Amino acid sequence: MPMADVVIEPFFDPRTNTLTYVAYDPQTRDAVVIDPVLDYEPKGSKVYTESVDRVVAFLRSHHLRLHYVLETHAHADHLSGSQSLKAAFPGALVAVGERIREVQALFKQVFDLPADFPVDGRQFDRLLRDGEVLQAGTIAVEVIPTPGHTAACVSLRIGDALFTGDSLFMPDAGTGRCDFPGGSSATMWESVHDRLYRLPDDTRVFVGHDYGPGGRPIAWETTLGVQKRENVMLRSGTSKNEYVAKRDARDRTLEAPALLFQSVQVNIDAGHLPPQSENRTRYLRIPINVFHREPTGDIELQPVVS
């Protein structure tokens, strides 16, 4: 069966503006899921599975056999629903780019995680290598590392479809931010310009998020040809210096994602929630950054040393 005949079903989570995808072969019923969402309500610190349940219901109603749950990176804006999917489909494997080990080591220090927290990627069932072709039944998934947003970001190519995670967004939204620990706008330019933009123009691009800039309807699919001509941040003719200046300036204006601390520490652990404590409650680690206000002049935030 030609890979172009693989069907792609999107699921949009309006709480985090995240796109989850099911890619499946309608003849053989082989399937993969890309970037699933586990719902989290921060006010009450409540976790629930509405978004995952929609994906599970689709997989079951279409009698699909889930081979892999694929993460484009350790997300900083939503918790991964990978383990909930594994619970529903025990034969499925969770996979992420092999550089997740660098991200784990970095954030183990940020969150002061226990000394025995592994930073070799063993929490995931499979670590994906550059150029590897993952076989999910009849579905072939090519792995293209695209670091920049994080060190471990990968884009995933299935036939004529390219899933770019937080590297490329819709053309009027540009690219993912590059100011997280381990991120690099210069590296992002190389990933997009030297890796993705060398693929055919008719390659379909499926983005990891959409925020409907300017009030337009939510969208998730475009082509590489359109990206090369119209991406507001990085076109095929955009120089590295130009992109770095524009991306870094934009990143300086952005606030941290609302679920940054909750998401990252769960996602570097392959979507596992923290283990229960002796009181049978799970706890996340949230760092506290204490500031005071300057008494005169423009308001500035200065860290309190003591």
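Not measured: the values here are computed from a predicted model.
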Student: Does Arg101 come within less than 4.0 Å of Asp120, counting only side-chain N to carboxylate O?
Tutor: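 Here Arg101 does not pair with Asp120 in a salt bridge, since their nearest N and O are not under 4.0 Å apart.
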
Student: Only one of Leu162, Leu196, Thr222 passes side chain to side chain contact (heavy atoms under 4.5 Å, CB included) with Leu168; say which it is.
Tutor: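 Output: one option passes, namely Leu196.
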
Student: Applying a strict under-4.5 Å side-chain criterion to I, L, V, M, F, W and Y, I'd like to know whether Val264 and Val110 cluster together.
Tutor: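 Yes.
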
Student: If Ile, Leu, Val, Met, Phe, Trp and Tyr residues are connected whenever their side-chain heavy atoms lie under 4.5 Å apart, and connections chain through other members, are Phe12 and Val37 in the same group?
Tutor: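 Not linked; separate clusters.
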
Student: Nearest 0.5 Å, what's the OH-NZ distance between Tyr48 and Lys46?
Tutor: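 Tyr48 atom OH to Lys46 atom NZ measures 9.5 Å (nearest 0.5 Å).
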
Student: Have Asp39 and His78 got a donor and an acceptor in their side chains that come within less than 3.5 Å?
Tutor: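 No, His78 and Asp39 have no side-chain donor paired with an acceptor closer than 3.5 Å.
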
Student: Surrounding CZ of Arg195 (heavy atoms of other residues, nucleotides or ligands, distance under 6.0 Å), is the total greater than 12?
Tutor: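 More than 12 within 6.0 Å, yes.
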
Student: Under 3.5 Å, is there a donor-acceptor pair between the side chain of Ser191 and the main chain of Pro147?
Tutor: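 It does hold such a pair.
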
Student: Can you see which heavy atom on Asp30 is nearest to which on Ala136, and at what distance?
Tutor: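 Closest pair (atom of Asp30, atom of Ala136, distance): CB-O, 3.6 Å.
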
Student: Can the ring centres of Tyr68 and Phe89 be said to be less than 6.0 Å apart?
Tutor: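 Judged by ring-centre distance (under 6.0 Å), Tyr68 and Phe89 do not meet the cut-off.
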
Student: Salt-bridge test for Arg216 and Asp210: reply yes if a basic N is under 4.0 Å from a carboxylate O, no otherwise.
Tutor: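 Yes, Arg216 and Asp210 are salt-bridged.
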
Student: For Asp166 and His73, run side chain to side chain contact (heavy atoms under 4.5 Å, CB included): C-alpha distance rounded to whole Å, both residues' side-chain angles, the deciding distance at 0.1 Å, then the answer.
Tutor: CA-CA 8 Å; Asp166 286 16; His73 63 291; 3.4 Å; yes

Student: Do the side chains of Val141 and Leu128 get nearer than 4.5 Å, heavy atoms only?
Tutor: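 A side-chain contact is absent here, since even the closest heavy-atom pair is not under 4.5 Å.
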
Student: Indicate yes or no: at least one non-hydrogen side-chain atom of Ser51 is less than 4.5 angstrom from one of Leu38.
Tutor: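 No. Closest side-chain heavy atoms not under 4.5 Å.
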
Student: Would you please say whether a donor-acceptor pair under 3.5 Å links the side chains of Asp248 and Ser185?
Tutor: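 Side chains of Asp248 and Ser185: pair found under 3.5 Å.
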
Student: How about Asp130 and Val143: do any of their side-chain heavy atoms sit closer than 4.5 Å?
Tutor: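 They are not in contact (no side-chain heavy atoms under 4.5 Å apart), so the answer is no.
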
Student: Would Phe107 and Phe117 satisfy ring-ring contact (aromatic ring centres under 6.0 Å, His included), going step by step from the backbone distance to the final call?
Tutor: CA-CA 11 Å; Phe107 282 99; Phe117 180 86; over 10 Å; no

Student: Identify the residue among Val119, Val96, Val103, Leu106 that makes a side chain to side chain contact (heavy atoms under 4.5 Å, CB included) with Ile268.
Tutor: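 Going through Val119, Val96, Val103, Leu106 one by one, the side chain to side chain contact (heavy atoms under 4.5 Å, CB included) with Ile268 is satisfied by Val103 alone.
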
Student: So does Glu190 get a backbone contact from the side chain of His193, meaning a donor-acceptor N/O pair under 3.5 Å?
Tutor: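 No, His193 side chain to Glu190 backbone: no donor-acceptor pair under 3.5 Å.
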
Student: Does Val69 reach the side chain of Val32, with side-chain heavy atoms less than 4.5 Å apart?
Tutor: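 Side chain of Val69 against side chain of Val32, heavy atoms only: no contact under 4.5 Å found.
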
Student: How many angstroms lie between atom CZ of Phe124 and atom OG of Ser82, to the nearest 0.5 angstrom?
Tutor: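 Result: 7.0 Å between the selected atoms.
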
Student: Less than 4.0 angstrom from a charged side-chain N to a carboxylate O is my criterion; do Glu242 and Arg235 meet it?
Tutor: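 Salt bridge flag = no for Arg235 with Glu242.
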
Student: Is a donor on one side and an acceptor on the other found under 3.5 Å between the side chain of Gln123 and the backbone of Ala270?
Tutor: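 The answer is no, because no donor-acceptor pair under 3.5 Å joins these two groups.
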
Student: Going by atom types only, do Thr164 and Ser155 share a side-chain donor-acceptor pair under 3.5 Å?
Tutor: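 Their side chains do not contain a donor-acceptor pair, so the 3.5 Å distance test is not met.
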
Student: Supply the atom-to-atom distance Gln227 CD to Met170 CE, rounded to the nearest 0.5 angstrom.
Tutor: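 The CD atom of Gln227 sits 7.0 Å away from the CE atom of Met170.
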
Student: Do Arg126 and Val94 come close enough that some side-chain heavy atom pair is under 4.5 Å?
Tutor: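 When only atoms from C-beta onward are counted, Val94 and Arg126 do not touch, as no gap falls below 4.5 Å.
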
Student: Heavy-atom count check: over 12 atoms from other residues, nucleotides or ligands less than 6.0 Å from Arg285 CZ?
Tutor: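 Buried by this count: over 12 neighbours within 6.0 Å.
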
Student: Is there side-chain contact between Asn17 and Asp13, with at least one heavy-atom pair below 4.5 Å?
Tutor: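 Contact flag for Asn17/Asp13 side chains = no.
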
Student: Please report the closest heavy-atom contact between Tyr243 and Cys178, naming both atoms and the distance.
Tutor: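 Shortest heavy-atom contact: OH-SG, 3.9 Å.
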
Student: Between CG of Asn241 and NZ of Lys246, what distance do you get to the nearest 0.5 Å?
Tutor: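 Spacing of CG (Asn241) from NZ (Lys246) equals 13.0 Å.
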
Student: For Leu234, is there any backbone N or O sitting under 3.5 Å from a side-chain donor or acceptor partner on Lys228?
Tutor: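 Checked: no pair found.
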
Student: Please tell me if the side chains of Val55 and Val22 come closer than 4.5 Å, counting only heavy atoms from C-beta onward.
Tutor: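 Sidechains of Val22 and Val55: in contact.
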
Student: Using 0.5 Å steps for rounding, measure from the CD atom of Glu9 to the CZ atom of Arg54.
Tutor: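 Reported to 0.5 Å precision, the distance equals 9.5 Å.
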
Student: Using only atom types and a distance under 3.5 Å, with no angle test, would you say the side chain of Trp220 pairs donor to acceptor with the backbone of Thr18?
Tutor: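 No, the answer is negative, given that no donor and acceptor are paired below the 3.5 Å cut-off.
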
Student: Does the pair Lys86 and Asp125 meet the rule for a side chain to side chain contact (heavy atoms under 4.5 Å, CB included), with working shown?
Tutor: CA-CA 11 Å; Lys86 271 197 78 164; Asp125 299 307; 2.9 Å; yes

Student: Could you check if a side-chain atom of Asp35 sits within less than 4.5 angstrom of a side-chain atom of Glu71, using non-hydrogen atoms only?
Tutor: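 Yes, their side chains come closer than 4.5 Å.
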
Student: Looking at Asp25 and Arg65, does any basic side-chain N land under 4.0 Å from a carboxylate oxygen?
Tutor: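 So Asp25 does not pair with Arg65 through a salt bridge.
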
Student: Taking atom types as modelled, find out whether Ser263 and Tyr40 have a side-chain donor-acceptor pair closer than 3.5 angstrom.
Tutor: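 No donor-acceptor contact under 3.5 Å links the two side chains.
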
Student: Would you call Arg15 and Glu41 a salt bridge, taking side-chain N to carboxylate O under 4.0 Å as the test?
Tutor: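 No, no charged N to carboxylate O under 4.0 Å.
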
Student: For the OG1 atom of Thr138 and the OH atom of Tyr24, what is their distance to the nearest 0.5 Å?
Tutor: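 Output value for this atom pair is 12.5 Å.
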
Student: Please enumerate all residues that pass side-chain contact (heavy atoms from CB on, under 4.5 Å) together with Pro200, with sequence neighbours excluded.
Tutor: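 Only Arg157, Asp202, Thr203 meet the side-chain contact (heavy atoms from CB on, under 4.5 Å) criterion with Pro200.
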
Student: Side-chain donor-acceptor pair under 3.5 Å between Ser277 and Asn279, yes or no?
Tutor: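 No, because no side-chain N or O of Ser277 sits under 3.5 Å from a partner of the opposite role on Asn279.
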
Student: Phe163 vs Phe206 aromatic rings, parallel, tilted or perpendicular, using cut-offs 30° and 60°?
Tutor: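 Aromatic pair Phe163/Phe206 classed parallel.
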
Student: Decide, yes or no, whether a salt bridge links Asp251 with Arg247 under the criterion of side-chain N to carboxylate O below 4.0 Å.
Tutor: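 Answer for the salt bridge query: yes.
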
Student: Examine the side chains of Thr146 and Ser167 and answer whether a donor and an acceptor come within less than 3.5 Å of each other.
Tutor: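 Yes, because at least one side-chain N or O of Thr146 sits under 3.5 Å from a partner of the opposite role on Ser167.
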
Student: Run the side chain to side chain contact (heavy atoms under 4.5 Å, CB included) test on His75 and Leu260 for me, step by step, so that the C-alpha distance in whole Å, both residues' side-chain angles and the decisive distance to 0.1 Å come before the verdict.
Tutor: CA-CA 8 Å; His75 310 274; Leu260 170 65; over 6 Å; no

